[in-house]
Amino acid sequence: RLIGLAEISGHARRRGGEVELRGKLLAKIEAVCGRCLKPVEVPISTDFTERFVHAVSWASDEQHELQEEDLNLAVFAGEEIELDDLVREEILLAVPGNVLCGEDCQGLCPVCGIDKNLSSCQCETKEIDSRWQKLKELQM
């Protein structure tokens with residue numbers, strides 16, 4: 001969830017029928033901790049470069065073989081370039097894969113669900129994967 005407004009700064013340059021946007025995106029999002037499920041505020045700061053071509057010029061070309069430099073190519077129609085999709089995409093790409101409220105977060109007990117950061121429990125959490133149970137029974 002986005003907290004507040006995203007800030008974008010940068011510049012646009014037009015080259016022929018192409019518009020290139022370069023800039024920096026600053027935002028804050030709220031995500032859940034991957035261990036204890038508490039809400040965590042995550043700052044996002046990322047640089048971006050995006051190229052836009054007008055939809056008419058793109059549609060008039062007969063064949064489009066994508067090159068590596070075309071991976072950041074987008075199409076726009078009319079006289080304006082809408083940045084909402086660009087901002088959304090850049091935020092999603094910048095979110096860390098595993099958000100933690102702290103490196104020392106102990107998470108939730110897998111048996112009773114208690115938050116181990118706030119209190120402890122007496123649950124037995126050492127489970128043996130049933131696929132390996134026969135190896136435990138093996139005697140040498």
Side-chain angles (χ1 to χ4, degrees):
R1 182 175 75 86
L2 187 62
I3 300 173
L5 297 174
E7 297 178 29
I8 300 174
S9 60
H11 64 276
R13 181 176 16 176
R14 184 177 203 136
R15 283 189 271 162
E18 194 173 287
V19 176
E20 181 181 73
L21 296 177
R22 289 181 180 263
K24 185 168 194 79
L25 170 69
L26 300 172
K28 285 184 183 178
I29 63 163
E30 183 179 82
V32 293
C33 176
R35 293 182 186 160
C36 69
L37 304 179
K38 288 181 184 172
V40 179
E41 195 173 288
V42 180
I44 301 291
S45 176
T46 184
D47 296 321
F48 65 89
T49 301
E50 189 77 23
R51 293 177 19 236
F52 291 87
V53 293
H54 202 274
V56 174
S57 68
W58 184 258
S60 65
D61 294 342
E62 289 185 22
Q63 291 184 352
H64 299 289
E65 185 174 333
L66 292 177
Q67 305 296 324
E68 187 174 339
E69 61 269 8
D70 294 332
L71 293 177
N72 65 343
L73 186 65
V75 178
F76 72 97
E79 299 296 318
E80 298 176 351
I81 296 176
E82 183 63 46
L83 297 180
D84 289 348
D85 290 336
L86 171 67
V87 171
R88 186 177 302 109
E89 179 182 322
E90 292 298 328
I91 289 173
L92 289 174
L93 290 172
V95 173
N98 189 21
V99 176
L100 298 177
C101 62
E103 289 297 321
D104 59 341
C105 178
Q106 297 177 27
L108 302 176
C109 173
V111 177
C112 69
I114 194 167
D115 187 347
K116 291 183 176 183
N117 298 312
L118 301 176
S119 61
S120 61
C121 63
Q122 304 304 319
C123 297
E124 178 64 43
T125 58
K126 189 171 185 174
E127 293 181 27
I128 298 175
D129 190 335
S130 63
R131 296 173 292 182
W132 300 104
Q133 185 64 35
K134 289 294 181 187
L135 287 177
K136 185 178 180 185
E137 296 170 7
L138 186 65
Q139 294 182 9
M140 294 196 168

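Predicted model only: the values in this text are computed from it and were never measured. Position 1 is the first residue of the sequence; numbering continues from there.
For T46, there are no side chain to side chain donor-acceptor pair (under 3.5 Å) partners two or more places apart in sequence or in a different chain.
The minimum heavy-atom distance between A31 and V42, with the atom names listed, is CB-CG2, 4.5 Å. Among all heavy-atom pairs drawn from G107 and D115, the shortest one is O-OD1, 3.7 Å. Between R35 and C105, the closest heavy-atom pair is NH1-O, 2.9 Å. Across N117 and C36, no two heavy atoms sit closer than the pair ND2-CB, 3.9 Å. Nearest heavy atoms, L108 versus G113: CD2-O, 3.8 Å. Considering all non-hydrogen atoms of both residues, V40 and L100 come closest at CG1-O, 4.0 Å.
A heavy-atom distance below 4.5 Å is found between the side chains of R22 and H11. In this structure, L83 and L21 have side chains that are in contact, with non-hydrogen atoms separated by less than 4.5 Å. Taking 4.5 Å as the limit, some side-chain heavy atom of I44 sits within range of a side-chain heavy atom of V95. For the pair L86 and E90, the minimum side-chain heavy-atom distance is below 4.5 Å.
When the side chains of ILVMFWY residues are joined at heavy-atom separations under 4.5 Å, either directly or via intervening members, I3 and L37 end up in two distinct hydrophobic clusters.
Other residues, nucleotides and ligands contribute over 12 non-hydrogen atoms within 6.0 Å of the CG atom of L135.
Expressed to the nearest 0.5 Å, how far NZ of K28 lies from CG of L2 amounts to 11.5 Å. With rounding to the nearest 0.5 angstrom, the CZ atom of R13 is 5.0 Å from the CD atom of E20. The NZ atom of K38 lies 4.5 Å from the CG atom of L118; values are rounded to the nearest 0.5 Å.
Within the structure, salt bridge (Lys or Arg N to Asp or Glu O under 4.0 Å) pairs that include any residue of residues 97-109 do not occur (at least two apart or interchain).
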